[in-house]
Amino acid sequence: MIETTEGAISLKTELKKIFGYDEFRGAQEKIILNILAGKNTFVIMPTGAGKSLCYQLPAIVKEGTAIVISPLIALMKNQVDQMVSVGVNAKFLNSTLSKAEIVKVKKEITSGEVKLLYVAPESLTKEENIVFFRNANIAFVAIDEVHCISEWGHDFRPEYRRIKAIVSQIGDVPIMALTATATPKVQLDVMKNLNMEGANLFKSSFNRSNLYYEVKPKQQAKKLLIQFVKGHKGKSGIVYCLSRKKVEEIAQLLKVNGVNAAPYHAGMEPSQRIAHQDGFLNEDIEVIVATIAFGMGIDKPDVRFVVHYDVPKSIEGYYQETGRAGRDGLEGKCLLLYSYNDILKLEKFNKDKPVTERENSKLLLEEMASYAESSVCRRTQLLYYFGEEYKQDNCGMCDNCLHPKEQFEGAEYLKMVINAVKQTQERFEINHLVNFITGKKNQNIKSYGHDQLSGFGTGVEESEFFWKAVLRQALFNELLLKDIDNPGLFKVSTKGFDYLHKSYSIKISRDHEFVTTGEEEEIEKSVINIQAYDPTLFNLLKGLRKKVAKEKDLPPYVIFQEPSLEEMATVYPLTSDDLKKIIGVGESKARKFGQPFLNLINQYVDENDIITASDVLVKSAGVKSRNKISIINQIDKKQDLEEIASGLSISYEQLITEIEHICDGGTKLNLDYYLDDILDDERQEDIFDYFLTSESGDLQEAIKDFSGEYSEDEVRLMRIKFMSEYAH
Ligand code: ADP
Ligand code: ZN
């Protein structure tokens with residue numbers, strides 16, 4: 001009945017009744033009708049387009065149980081919960097269930113109550129389950145994330161390769177294969193492997209028109225990142241890095257620079273990982289710095305930016321990860337920091353892989369590099385990768401369209417590369433073709449006798465770099481094709497053959513030249529050291545300090561020490577948060593003395609139209625040495641100072657120096673327990689009074705002034721006590 005018009009209407013009724021939606025999206029209805037008609041169905045839809053509904057709804061309306069194979073146990077539970085919450089009997093079968101639970105689930109399948117059964121591939125392969133399914137009434141089998149079948153997919157899982165054999169054992173049930181990414185090659189691979197060449201293919205457009213794509217050279221990357229993230233203050237974003245170590249480092253970098261960021265990677269404690277993920281979802285955390293382990297199944301609609309701090313391993317991965325931005329159709333900026341060094345690094349990681357895998361990975365990386373270096377519209381390139389033609393000249397939403405490189409007539413060059421592919425019999429990859437065109441007589445060229453052909457060396461005036469760009473642009477213009485079975489190889493399309501005889505104007509452009517320098521990430525020498533402070537502001541601050549000191553009846557250095565004022569006059573802190581990051585200014589000092597200083601700086605910045613450096617100033621995660629933390633902890637526990645020193649294998653004097661640094665850095669320390677033992681009240685007061693009236697608070701001067709009355713250590717410790725009580 002479903003296939004009649006009347007039936008279609010009843011599908012819509014179910015859609016409303018169960019899911020609460022008025023209309024199907026895109027091809028959903030056609031897909032559902034196709035599987036209900038018992039036909040194999042291949043669904044390729046970008047993330048967020050609504051794939052789940054394509055199997056959930058038919059599972060509900062059709063008699064029997066639909067099996068859904070899904071690789072991620074964590075996501076399975078979510079889906080089951082979701083279905084149960086709308087009153088659908090859904091269950092899962094995986095390694096987390098007890099024996100008793102499995103028996104119960106199977107019973108409900110036999111009685112036909114379960115509509116959707118989510119199964120992990122490993123559970124599907126169990127012999128007892130196969131036998132069970134053979135005798136059950138299975139409506140159809142849906143295979144989610146089906147690109148995992150293909151070695152060319154970005155997430156190959158060998159166990160996926162066994163699915164077809166098992167499904168055939170279960171019986172003659174229709175299959176629905178679903179994925180959010182599939183290049184033509186992966187698509188073919190999947191179809192072959194599942195034996196579903198005759199399946200109906202439903203492929204939606206992969207164009208995410210609200211996403212803005214941009215590639216920047218990875219130079220001064222940390223500074224660039226901070227600037228970018230601060231430019232999106234208050235918005236949710238994801239920063240992807242390749243290694244766990246990098247994730248920790250960048251999360252820390254963002255934190256010390258005042259960004260509410262947290263790390264996420266597989267090496268973290270699960271509880272903490274979940275806490276960070278939840279924090280991100282409910283907006284306690286603005287920016288998640290993550291490895292690609294983060295994001296699968298996370299459905300946060302208002303992620304406003306995705307930054308790739310390191311180059312991703314493939315365009316598919318890149319598309320998938322950037323796809324997490326702007327799911328609600330609103331703003332989504334995608335920034336990739338690119339350096340060819342990253343590509344080389346990734347290639348090195350592949351060194352120990354088996355040959356085919358290594359070759360595959362290398363090709364994927366090369367494609368990533370050409371994406372980044374190309375001056376062709378990013379959208380055109382991404383869609384081309386997924387076998388989709390993008391017809392607009394200017395997408396208006398990528399760096400290459402907004403800031404186009406100069407274009408020039410390409411017909412002659414294009415004909416030359418078509419000719420090169422044709423003459424070498426359509427059997428070679430890009431490097432060989434470039435060598436051929438530029439006339440490099442290497443071993444390979446000679447062994448094929450390619451140096452004897454008329455096209456050899458015809459493009460010697462231009463660089464290899466140039467010809468690579470032309471070859472790729474010939475692909476985008478469909479004059480050349482990539483061999484689907486062997487994607488490294490170039491072929492000539494019919495359009496390309498025609499072009500040789502009857503060419504027309506096609507404009508092309510040169511690639512971007514990314515210079516690789518040694519300073520990709522260096523910014524650690526923070527601006528403070530390089531930039532001189534603003535002397536006018538510095539004097540104003542000093543004057544203010546004097547005034548405040550007088551009001552409070554304290555010596556000026558107790559308010560802020562000179563290095564703090566110098567830094568203020570360098571970076572112009574405008575908020576209390578900015579101020580807290582100034583050297584020697586801690587939380588309590590900012591609260592206690594900060595306001596008049598902030599007022600002064602704000603007024604000064606306004607009056608003088610100053611662009612403050614605090615937006616771009618990069619603070620490195622000041623190495624609070626392990627020693628320092630340990631000293632603070634031990635003082636809190638009232639440990640004897642000699643013991644602390646010997647425990648850390650440093651001298652007593654070194655310890656006092658460390659404590660001075662901690663104190664000058666803005667941390668309050670209570671040394672009373674120790675001082676009370678070595679100095680009586682009267683003597684303590686004596687030194688205290690001295691510091692209260694001292695102009696500079698200079699230590700050497702104080703030691704001299706006391707001329708032997710107190711030991712150097714005593715004076716130093718009392719100064720720490722004094723600073724802790726008055727200055728912090
Ligand atoms: P995918 O699996 O393709 O990434 P989902 O199946 O998770 O996408 O769907 C993405 C979102 O779209 C979900 O919130 C889902 O409820 C919603 N959705 C799906 N189909 C429709 C529809 N026909 N109308 C409105 N919302 C829909
Ligand atoms: Zn564009």
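Bear in mind that the values here come from a model prediction, so they are computed numbers and not experimental data. Scope of the values below: all heavy atoms of this structure, side chains included, with no hydrogens, waters or symmetry mates. Numbering of ligands and ligand atoms starts at 1, following listing order.
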* Atoms of ligand 1 less than 4.0 Å from T47 heavy atoms? -> 4 (O)
* Taking 4.0 angstrom as the limit, do D511 and R472 come out as a salt bridge? -> yes
Side chains of residues 49-64: which donor-acceptor pairs under 3.5 Å do they make with residues two or more places apart or in other chains?
residue, atom, partner, partner atom, Å
K51, NZ, M45, O, 3.2
Y55, OH, Q79, OE1, 3.3
Q56, NE2, Q79, OE1, 3.4

* **Protein heavy atom at shortest distance from atom 14 (O) of ligand 1** => D299 OD2, 4.0 Å
* **atom 27 (C) of ligand 1: the protein heavy-atom neighbour that sits closest, reported with distance to 0.1 Å** => Y21 CE1, 3.3 Å
* Could you tally the protein N/O/S atoms lying less than 2.8 Å away from the Zn ion (ligand 2)? => 4
* Between G50 and ligand 1, is there a nitrogen or oxygen pair with a distance under 3.5 Å? -> yes
* NZ or CZ of R379 within 45° of Y213 ring axis and under 6.0 Å -> no
* Asked: Is the distance between the ring centroids of H308 and Y240 under 6.0 Å?
  -> yes
* To do: Could you tell me if the ring centre of F476 sits under 6.0 Å from that of Y390?
  => no
* To do: Could you tell me if the ring centre of Y319 sits under 6.0 Å from that of F206?
  => yes
* Considering heavy atoms of the protein only, find what lies nearest to atom 10 (C) of ligand 1 and give residue, atom and distance to 0.1 Å. => G48 O, 3.5 Å
* Are Y371 and Y318 close enough that their ring centres sit under 6.0 Å apart? -> yes
* Asked: Between R327 and ligand 1, is there a nitrogen or oxygen pair with a distance under 3.5 Å?
  -> no
* **Sub-4.0 Å heavy-atom approach of M45 to ligand 1** => no
* Asked: Hey, looking at atom 12 (O) of ligand 1, which of Q28, R25, Q56, K16 has the closest heavy atom?
  -> R25
* So, F305 versus F228, ring centres under 6.0 angstrom or not? -> yes
* SB check D302 K300 (cutoff 4.0 Å) -> yes
* Give a yes or no answer on whether the side chain of N129 reaches the backbone of S123 with a donor-acceptor pair at less than 3.5 Å. => yes
* Counting heavy atoms only, which of G20, P301, G26, S52 is nearest atom 6 (O) of ligand 1? -> S52
